[in-house]
Colleague: 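Okay, here's the structure, questions in a sec.
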Amino acid sequence: MYLYNSATRKREEFIPNHPDIVKMYTCGPTVYHYAHIGNLRSYIMEDVLEKALRYAGYNVKRVMNITDVGHLASDADTGEDKMLKGAKREHKSVMEIAKFYTDAFFEDCRKLNIKRPDVVEPATNCIDEYIKIISTLLDKGFAYQAGGNVYFDASKLDRYYIFNDHDEEDLAVGVREGVEEDTNKRNKNDFVLWFTKSKFEDQALKWDSPWGVGYPGWHIECSGISMKHLGQDLDIHCGGIDNAFPHHTNEIAQSESYLGHKWCNYWMHVHHLNTNSGKMSKSKGEFLTVSLLESKGYDPLAYRLFCLQSHYRKNLVFSFENLDNAVVTYGKMVAKIAALNPKDEGELDQAAFDALREKFLNALNNDLNTSLAITAVYDALKYKTNDRTKLAVLADFDRVLGLDLIAKADKKRQEMAAAPKAGSFAIVSEAGESDPAVEALIQARQDAKKAKNFAEADRIRDELKAQGIELTDVPGGVKWKRV
Ligand code: AMP
Ligand code: ZN
């Protein structure tokens with residue numbers, strides 16, 4: 001498999017560190033609000049990556065954090081604690097907010113066929129891990145205490161910026177416009193590992209530490225959780241592109257300084273879902289959720305298809321018009337699969353299966369080219385082989401695509417069987433009126449005729465006549481009128 005590695009800015013062959021396992025880590029949600037469909041674009045594409053690795057034959061262990069502490073409104077460790085903000089907004093405790101929005105997140109994932117990672121770890125579960133790393137960083141001289149907090153000293157690194165070529169001044173945390181400068185920091189890129197003094201006296205969650213009662217910074221969470229469950233190295237780390245700086249940059253700084261060696265080989269970043277007014281974000285207030293799409297009648301899997309239609313390294317513009325196009329594509333795709341015969345008893349055409357599978361796999365192996373992988377679905381539908389093979393191939397592709405293609409097609413077939421067919425029995429009033437009692441009797445007469453119970457059919461005709469209703473049999477149905 002070839003993947004674009006944001007750390008080297010090159011498309012590289014993916015070679016895991018260990019033959020028996022791929023260690024994958026993905027940054028999880030900050031659970032102070034619903035995930036918006038932009039966040040979910042990242043999780044959909046990470047899900048596709050995990051499934052593509054498994055499809056290619058790798059054994060994957062995937063770990064994800066749940067950020068329930070330490071993430072401040074600005075990634076530069078200033079501003080209000082996001083969890084506290086959510087708790088205040090809803091007059092609930094931080095833990096109540098965390099539980100509610102964690103459950104809501106996994107419910108959204110279920111609707112979007114995003115598999116739950118093998119390990120999901122709330123940040124508040126791993127305080128001992130953070131303390132261990134921070135203590136070592138202090139011992140090794142990579143961290144210092146100032147104003148009650150513990151900071152990572154970015155000046156100790158030969159290379160701090162990993163993901164960007166930009167002018168350091170442009171990106172430097174603490175000097176970006178709108179970001180308050182923390183005067184405790186020795187260098188502009190230093191970041192907080194442990195807070196004991198923040199502006200919030202009412203910080204809800206605090207733990208004892210060698211540096212006083214406090215709470216961890218956001219960045220240390222991912223290093224600690226990853227090392228707890230995946231050990232001292234990592235094959236692939238994912239997140240949205242906004243996580244590259246400073247979050248992932250800081251994760252690398254602290255992890256490699258702590259370990260004394262390289263930590264993670266491949267970095268995969270999903271680009272943003274934008275609206276016409278820019279990046280969709282939770283802090284902007286107004287944002288689109290899966291429930292909102294559902295309330296407007298959209299199938300969440302149409303949104304999944306919408307995401308798969310474009311490459312994860314391109315910004316994607318959301319509009320309802322674009323989503324409507326995905327709905328149409330999805331409907332057509334399902335209708336084509338529904339037209340295949342699920343009872344086809346032909347032999348599985350292994351040569352066709354392998355050829356189609358190879359095409360699909362090649363698309364995924366090419367830096368997760370999901371739109372090309374979708375064209376492989378159409379290739380399968382058109383391929384000169386039997387329906388049994390086509391259905392087997394499509395079920396196989398759906399292990400990665402996650403569009404419920406087979407189940408949706410089965411449902412579609414059932415709906416088509418239940419729907420009245422052209423030329424079926426119609427009951428029409430000549431006056432254009434609707435009378436359920438009369439219609440029920442006419443239907444009963446028709447049923448009797450079908451069952452060859454002509455005496456009963458005549459009896460019903462007489463009963464209707466006594467009510468002043470006259471019937472005329474016409475091709476495909478009955479016309480009735482009052483006389
Ligand atoms: P958060 O819950 O804010 O920590 O973000 C969860 C994930 O969503 C992170 O990987 C972010 O990088 C990612 N993300 C945030 N906004 C967007 C967006 N508009 N489009 C795609 N991914 C996003
Ligand atoms: Zn993270």
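Counting starts at 1 for both ligands and their atoms, in listed order. The structure presented is a predicted model; accordingly, all values stated were derived computationally and were not measured. All values below were derived from every heavy atom in this structure, side-chain atoms included, with hydrogens, water molecules and symmetry-related copies excluded.
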Colleague: Looking at ligand 1, does any of its N/O atoms fall within less than 3.5 Å of an N/O of Cys27?
Modeller: no
Colleague: Decide whether the shortest distance between a heavy atom of His36 and an atom of ligand 1 is less than 4.0 Å.
Modeller: yes
Colleague: Can you check whether Asn243 has an N/O within less than 3.5 Å of an N/O in ligand 1?
Modeller: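 For ligand 1, there is an N or O atom that lies under 3.5 Å from one belonging to Asn243.
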Colleague: Test your reading of the structure: does Asn39 have an N or O sitting under 3.5 Å from an N or O of ligand 1?
Modeller: yes
Colleague: Please list, in number order, the atoms of ligand 1 under 4.0 Å from a heavy atom of Thr30.
Modeller: 1 (P), 2 (O), 4 (O)
Colleague: Within a distance under 4.0 Å of any heavy atom of His272, pick out the atoms of ligand 1 and give their elements.
Modeller: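 Within the 4.0 Å cut-off of His272, ligand 1 contributes 17 (C), 18 (C), 19 (N), 20 (N), 21 (C), 22 (N), 23 (C).
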Colleague: Evaluate the side chain to side chain contact (heavy atoms under 4.5 Å, CB included) criterion for residues Arg41 and Phe318: first the C-alpha distance (whole Å), next the side-chain angles of each, then the deciding distance (0.1 Å), finally the verdict.
Modeller: CA-CA 11 Å; Arg41 177 191 190 197; Phe318 179 84; over 6 Å; no
Colleague: Could you please compute the angle at the Zn ion (ligand 2) from SG of Cys222 to SG of Cys27, rounded to 10°?
Modeller: 130°
Colleague: Can you tell whether the side chains of Asp410 and Arg413 come within less than 4.0 Å, N to carboxylate O?
Modeller: yes
Colleague: Look at Lys99 together with Glu96 and state whether they make a salt bridge at an N to O cut-off of under 4.0 Å.
Modeller: no
Colleague: Considering only heavy atoms of Tyr43, which atoms of ligand 1 have at least one such atom less than 4.0 Å away?
Modeller: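 Contacts of ligand 1 toward Tyr43, numbered from 1: 6 (C), 7 (C).
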Colleague: Is any NZ, NE, NH1 or NH2 atom of the basic residue among Asp153 and Lys156 found under 4.0 Å from an Asp or Glu carboxylate oxygen of the other?
Modeller: yes
Colleague: Could you tell me which non-hydrogen atom of Ile15 sits nearest to which non-hydrogen atom of Tyr266, and how far apart they are?
Modeller: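 Closest pair (atom of Ile15, atom of Tyr266, distance): N-OH, 2.9 Å.
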Colleague: Any N/O of Gly239 closer than 3.5 Å to an N/O of ligand 1?
Modeller: no
Colleague: Establish, for the pair Arg116 and Phe106, whether the NZ or CZ atom is under 6.0 angstrom from the six-membered ring centre and no further than 45 degrees off its axis.
Modeller: yes
Colleague: Is the distance between the ring centroids of Tyr4 and Tyr2 under 6.0 Å?
Modeller: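 Tyr4 vs Tyr2: aromatic centres not under 6.0 Å.
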Colleague: For ligand 1, find out whether one of its N or O atoms is nearer than 3.5 Å to an N or O atom of Val270.
Modeller: no
Colleague: Please report whether the ring centroid of Phe152 lies less than 6.0 Å from that of His219.
Modeller: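 Not close enough - the centres of the two rings lie 6.0 Å or further apart.
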Colleague: Of all the atoms in ligand 1, which lie at a distance below 4.0 Å from a heavy atom belonging to Pro29?
Modeller: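 Within the 4.0 Å cut-off of Pro29, ligand 1 contributes 2 (O).
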Colleague: Using a cut-off of strictly less than 2.8 Å, determine whether His247 has an N/O/S atom near the Zn ion (ligand 2).
Modeller: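 Of the N, O and S atoms in His247, at least one lies under 2.8 Å from the Zn ion (ligand 2), which means yes.
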Colleague: Salt bridge between Asp118 and Arg54, side-chain N to carboxylate O under 4.0 Å?
Modeller: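 Result for this pair is yes, salt bridge flagged.
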Colleague: I want to know if ligand 1 touches Asp242 in the polar sense, i.e. an N/O pair below 3.5 angstrom.
Modeller: yes
Colleague: List every atom of ligand 1 that sits less than 4.0 Å from any heavy atom of Ser42, numbering the atoms from 1 in the order shown and giving each element.
Modeller: 13 (C), 21 (C), 22 (N), 23 (C)
Colleague: Output yes when Arg304 and Asp47 qualify as a salt bridge under the 4.0 Å nitrogen-oxygen rule, no when they do not.
Modeller: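 A salt bridge is present here (some side-chain N lies under 4.0 Å from a carboxylate O).
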Colleague: Nearest heavy atom to atom 10 (O) of ligand 1: which of Gly28, Ala35, Gly38, Gly240 does it belong to?
Modeller: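 The nearest heavy atom belongs to Gly240.
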